[in-house]
Asks: 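The structure follows.
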Amino acid sequence: MKLAVIGAGKWGQALYHAFSQKNDVVITSRSHKDIPHFVSMKEALEYEYLVIAIPAQAVRGWLEENFVDKGQKILVAAKGIETATGSFLNEIYGEFVDADRLAFISGPSFAAEVQKSLPTALVISSTNLELAKTYADALPEYIRGYVNDDVIGEEVAGAYKNVIAIAGGVCDGLKLGNNARAALISRGLVEMTRFGEAFGAKTETFLSLGGAGDLFLTASSTLSRNYRVGIGLAQGKKIEDILEELGEVAEGVPTAKALYLLAKQKEIYLPIATEVHAMLEEGKDPRQSVRDLLG
Ligand SMILES: NC(=O)C1=CN([C@@H]2O[C@H](COP(=O)(O)OP(=O)(O)OC[C@H]3O[C@@H](n4cnc5c(N)ncnc54)[C@H](OP(=O)(O)O)[C@@H]3O)[C@@H](O)[C@H]2O)C=CC1
Ligand SMILES: O=C(CO)COP(=O)(O)O
């Protein structure tokens with residue numbers, strides 16, 4: 001199979017490594033990278049099978065500036081909800097490509113470990129299960145690929161876990177203990193499920209790799225950029241300084257605002273996401289957020 005990866009950040013390069021095990025893969029990005037098989041954006045967009053690892057908040061602009069529909073299939077490799085409109089990625093990509101040519105990859109997957117070919121299990125979701133299976137079959141031996149058709153559920157799970165991961169970093173940064181982290185993660189799972197169900201997601205999706213799996217992974221590890229944002233908040237740092245230091249995308253920051261706005265609009269009770277939003281957007285004291293969540 002011939003594939004083109006678009007977006008040569010940590011995740012794009014990890015997926016390039018993974019898919020290269022069994023396929024002919026090229027890669028491109030906004031800025032040139034010294035990587036074998038790095039090609040121009042124009043050349044990459046000529047490929048029939050694409051993998052796009054551009055962060056959620058940049059997707060719409062990138063599509064408007066670059067994408068011309070020539071029948072390409074797209075594996076969307078980002079996790080987030082567009083803050084400006086509250087749109088999920090399947091809605092944004094769906095404005096440019098039919099749903100039956102869109103698939104989404106999610107699940108517990110630190111790029112650094114995928115890059116080292118460490119055992120991983122991921123989900124590829126699509127309303128077109130044949131397409132999901134095509135991408136899953138292209139994964140290397142060290143990645144077990146599952147397929148399902150609950151695109152909304154997998155998207156919500158992947159986006160929401162980044163916000164709970166920020167809360168996980170705050171919890172550990174304040175040294176609140178294992179009990180507190182376990183309570184936070186399990187209530188975070190309940191909250192993301194409640195939110196997903198409001199948009200038609202299947203409950204069981206949140207109990208598997210894309211939900212519980214990715215949440216457990218991300219909300220308790222310094223390998224997570226979002227978790228590290230939470231550590232910074234607990235240390236009293238300003239979000240601007242935290243992101244400057246991070247130097248990479250932390251999708252939970254804009255997604256927290258998207259969740260807050262959608263919760264208000266649809267009247268969904270999201271206590272943890274609301275507190276993360278208050279810490280990020282209003283500079284709320286993390287200790288006060290903890291007190292309010294316990295109240
Ligand atoms: N890192 C990880 O472990 C994982 C990340 N993800 C998800 O993958 C997505 C990408 O994250 P990740 O690769 O880690 O982030 P990085 O910060 O490492 O890289 C971001 C990538 O996006 C590109 N980019 C940023 N803004 C724009 C833009 N406006 N137009 C075009 N390209 C742009 C950058 O291009 P350039 O470098 O050329 O400037 C870069 O290639 C996120 O949604 C993340 O949640 C999913 C699973 C694992
Ligand atoms: O999505 C990821 C792991 O599945 C990566 O998490 P971070 O974006 O928090 O680093």
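Just so we're clear, the structure is a prediction, and the values are computed from it rather than from any experiment. The first residue of the sequence shown is numbered 1, and numbering continues consecutively from there. Whatever order the structure lists them in is the order used to number ligands and atoms, beginning at 1.
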Asks: Taking 4.0 Å as the limit for heavy-atom contacts, which would you say applies to Thr218 with ligand 2: side chain only, backbone only, both, or neither?
Replies: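 It is the side chain that gets close, since no backbone atom is under 4.0 Å.
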Asks: Which atoms of ligand 2 have any heavy atom of Ser224 under 4.0 Å away?
Replies: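 Taking each heavy atom of Ser224 in turn, ligand 2 has 7 (P), 9 (O), 10 (O) under 4.0 Å.
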Asks: Give a yes or no on whether a salt bridge exists between Arg228 and Glu245, defined as a side-chain N under 4.0 angstrom from a carboxylate O.
Replies: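 Glu245 and Arg228: not salt-bridged.
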Asks: Can you tell which of Lys33, Glu113, Arg30 gets a heavy atom nearest to atom 28 (C) of ligand 1?
Replies: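 Comparing heavy atoms across Lys33, Glu113, Arg30, the nearest one to atom 28 (C) of ligand 1 lies in Arg30.
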Asks: Just checking, Lys33 and Phe38: is the charged tip under 6.0 Å from the six-membered ring centre and within 45° of the axis?
Replies: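 Negative - Lys33 is either too far from the ring of Phe38 or too far off its axis.
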Asks: What protein heavy atom lies closest to atom 18 (O) of ligand 1? Include the residue and the distance to one decimal.
Replies: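 Atom 18 (O) of ligand 1 sits closest to the protein heavy atom Lys10 N, 2.9 Å.
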Asks: Below 4.0 angstrom, N of the basic side chain to O of the carboxylate: do Arg60 and Glu95 qualify?
Replies: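 Salt bridge between Arg60 and Glu95, a charged N being under 4.0 Å from a carboxylate O: yes.
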Asks: Counting only heavy atoms closer than 4.0 Å, does ligand 1 sit against the backbone of Ser109, its side chain, both, or neither?
Replies: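 The answer is both.
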Asks: Under 6.0 Å between ring centres, would you say that holds for Phe206 and Tyr160?
Replies: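 Not close enough - the centres of the two rings lie 6.0 Å or further apart.
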Asks: Looking at ligand 2, is there an atom of it that comes within less than 4.0 Å of some heavy atom belonging to Lys10?
Replies: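 Contact absent.
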Asks: Kindly identify the option in Gly7, Ala159, Gly9 whose heavy atom sits closest to atom 19 (O) of ligand 1.
Replies: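 Comparing heavy atoms across Gly7, Ala159, Gly9, the nearest one to atom 19 (O) of ligand 1 lies in Gly9.
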Asks: Touching ligand 2 at all, Gly107? Heavy atoms, strictly under 4.0 Å?
Replies: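 It does, in that a heavy atom of Gly107 comes within the 4.0 Å cut-off of ligand 2.
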Asks: Which residue and atom name correspond to the protein heavy atom nearest atom 45 (O) of ligand 1, and how close is it?
Replies: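 In this structure, atom 45 (O) of ligand 1 has Glu251 CG, 3.4 Å as its nearest protein heavy atom.
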Asks: Is Glu248 paired with Arg225 through a side-chain N to carboxylate O contact shorter than 4.0 Å?
Replies: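 Salt bridge between Arg225 and Glu248, a charged N being under 4.0 Å from a carboxylate O: yes.
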Asks: Output the list of atoms in ligand 2 that are nearer than 4.0 Å to some heavy atom of Leu217, sorted by atom number.
Replies: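 The list of qualifying atoms is 3 (C), 4 (O).
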Asks: From the options Trp62, Phe110, Trp11, select the one whose nearest heavy atom is closest to atom 13 (O) of ligand 1.
Replies: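 Comparing heavy atoms across Trp62, Phe110, Trp11, the nearest one to atom 13 (O) of ligand 1 lies in Trp11.
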Asks: Between Ala8 and ligand 1, which part of the residue brings a heavy atom under 4.0 Å of the ligand: side chain, backbone, both or neither?
Replies: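 For Ala8, only backbone atoms sit under 4.0 Å from ligand 1.
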Asks: Which of the atoms of ligand 1 are close to Ser31, meaning less than 4.0 Å from one of its heavy atoms?
Replies: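 Here the atoms of ligand 1 in question are 36 (P), 37 (O), 38 (O), 39 (O).
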Asks: What atoms in ligand 1 come closer than 4.0 Å to a heavy atom of Ala111?
Replies: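 In order of number, 1 (N), 2 (C), 3 (O).
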Asks: Can any side-chain N or O of Thr205 pair as donor or acceptor with the backbone N or O of Gly153 at less than 3.5 Å?
Replies: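 No; zero donor-acceptor contacts below 3.5 Å.
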Asks: What part of Lys79, side chain, backbone, both or neither, has a heavy atom within less than 4.0 angstrom of ligand 2?
Replies: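 Answer for Lys79: side chain.
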Asks: Could you tell me whether Lys266 sits above the aromatic face of Phe199, with NZ or CZ closer than 6.0 angstrom to the six-membered ring centre and within 45 degrees of the axis?
Replies: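 Yes - Lys266 lies over the ring of Phe199, closer than 6.0 Å to its centre and within 45° of its axis.
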Asks: Can you report which non-hydrogen protein atom sits closest to atom 8 (O) of ligand 2, along with the distance?
Replies: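 In this structure, atom 8 (O) of ligand 2 has Arg225 NH2, 3.1 Å as its nearest protein heavy atom.
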Asks: Among the clusters formed by ILVMFWY side chains lying less than 4.5 Å apart, do Ile54 and Val114 turn up in the same one?
Replies: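 In one cluster: no.
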Asks: Looking only at protein heavy atoms, which one is nearest to atom 4 (O) of ligand 2, and how far off is it?
Replies: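 Atom 4 (O) of ligand 2 sits closest to the protein heavy atom Asp214 OD1, 2.6 Å.
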Asks: Can a donor-acceptor pair be found between the side chains of Asn226 and Glu251 at a distance below 3.5 Å?
Replies: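 Short answer, no.
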Asks: Does the N or O separation between Val249 and ligand 1 drop below 3.5 Å for any pair?
Replies: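 N/O-N/O distance under 3.5 Å: yes.
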Asks: For Ala77, take its heavy atoms, then give the atoms of ligand 1 lying under 4.0 Å from any of them.
Replies: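 The atoms of ligand 1 under 4.0 Å from a heavy atom of Ala77 are 7 (C), 8 (O), 9 (C).
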Asks: Please confirm whether Ser109 comes under 4.0 Å of ligand 2, counting heavy atoms of the residue only.
Replies: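 Contact check Ser109 vs ligand 2: positive.
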Asks: Once the angle between the rings of Tyr142 and His17 is folded into 0 to 90°, is it parallel (under 30°), tilted (30 to 60°) or perpendicular (over 60°)?
Replies: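 Rings of Tyr142 and His17: tilted, as their planes differ by 30° to 60°.
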Asks: Hey, which of Ile242, Asn162, Val276 is the one that makes side-chain contact (heavy atoms from CB on, under 4.5 Å) with Val229?
Replies: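 Only match with Val229 under side-chain contact (heavy atoms from CB on, under 4.5 Å): Ile242.
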Asks: Do any N or O atoms from the side chain of Asn23 and from the backbone of Val25 form a donor-acceptor pair under 3.5 angstrom?
Replies: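 Side chain of Asn23 to backbone of Val25, a donor-acceptor pair under 3.5 Å: no, none is there.
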Asks: How far is atom 1 (O) of ligand 2 from its nearest protein heavy atom, and which residue and atom is that?
Replies: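 For this ligand atom, the closest protein heavy atom is Lys161 NZ, 2.7 Å.
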Asks: Identify the two heavy atoms, one from Thr83 and one from Ala258, that lie closest to each other, and give their separation to 0.1 Å.
Replies: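 Residues Thr83 and Ala258, closest heavy atoms: CA-CB, 3.9 Å.
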Asks: Determine, using the 4.5 Å side-chain heavy-atom cutoff (strictly less than), whether Ile124 and Leu217 are members of one ILVMFWY cluster.
Replies: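 Looking at the clustering, Leu217 is in a separate group from Ile124.
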Asks: Ligand 2 versus Val249, non-hydrogen atoms closer than 4.0 Å: side chain, backbone, both, neither?
Replies: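 It is neither part, as no heavy atom is under 4.0 Å.
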Asks: Please determine if Asp137 and Lys22 form a salt bridge, counting it only when a charged side-chain N lies under 4.0 Å from a carboxylate O.
Replies: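 Result for this pair is no, no salt bridge flagged.
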Asks: Measuring from the heavy atoms of Arg225, does anything fall under 4.0 Å of ligand 1?
Replies: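 Flag set, Arg225 near ligand 1.
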Asks: Given Gly158, Gly12, Pro55, which has its nearest heavy atom closest to atom 20 (C) of ligand 1?
Replies: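 Minimum heavy-atom distance to atom 20 (C) of ligand 1 goes to Pro55.
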Asks: Give the atoms of ligand 1, by number and element, whose distance to some non-hydrogen atom of Ala53 is under 4.0 Å.
Replies: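 It comes down to these atoms of ligand 1: 10 (C).
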Asks: Give me the ring orientation class for Phe67 and Trp62: parallel if the planes are under 30° apart, tilted from 30 to 60°, perpendicular past 60°.
Replies: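 The arrangement is tilted - the two ring planes meet at 30° to 60°.
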Asks: List the closest protein heavy-atom neighbour of atom 35 (O) of ligand 1: residue, atom name, distance to the nearest 0.1 Å.
Replies: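 Checking every protein heavy atom, the shortest distance to atom 35 (O) of ligand 1 gives Ser29 OG, 3.3 Å.
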Asks: Does any N/O atom on Glu248 come nearer than 3.5 Å to any N/O atom on ligand 1?
Replies: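 N/O-N/O distance below 3.5 Å does not exist for this pair.
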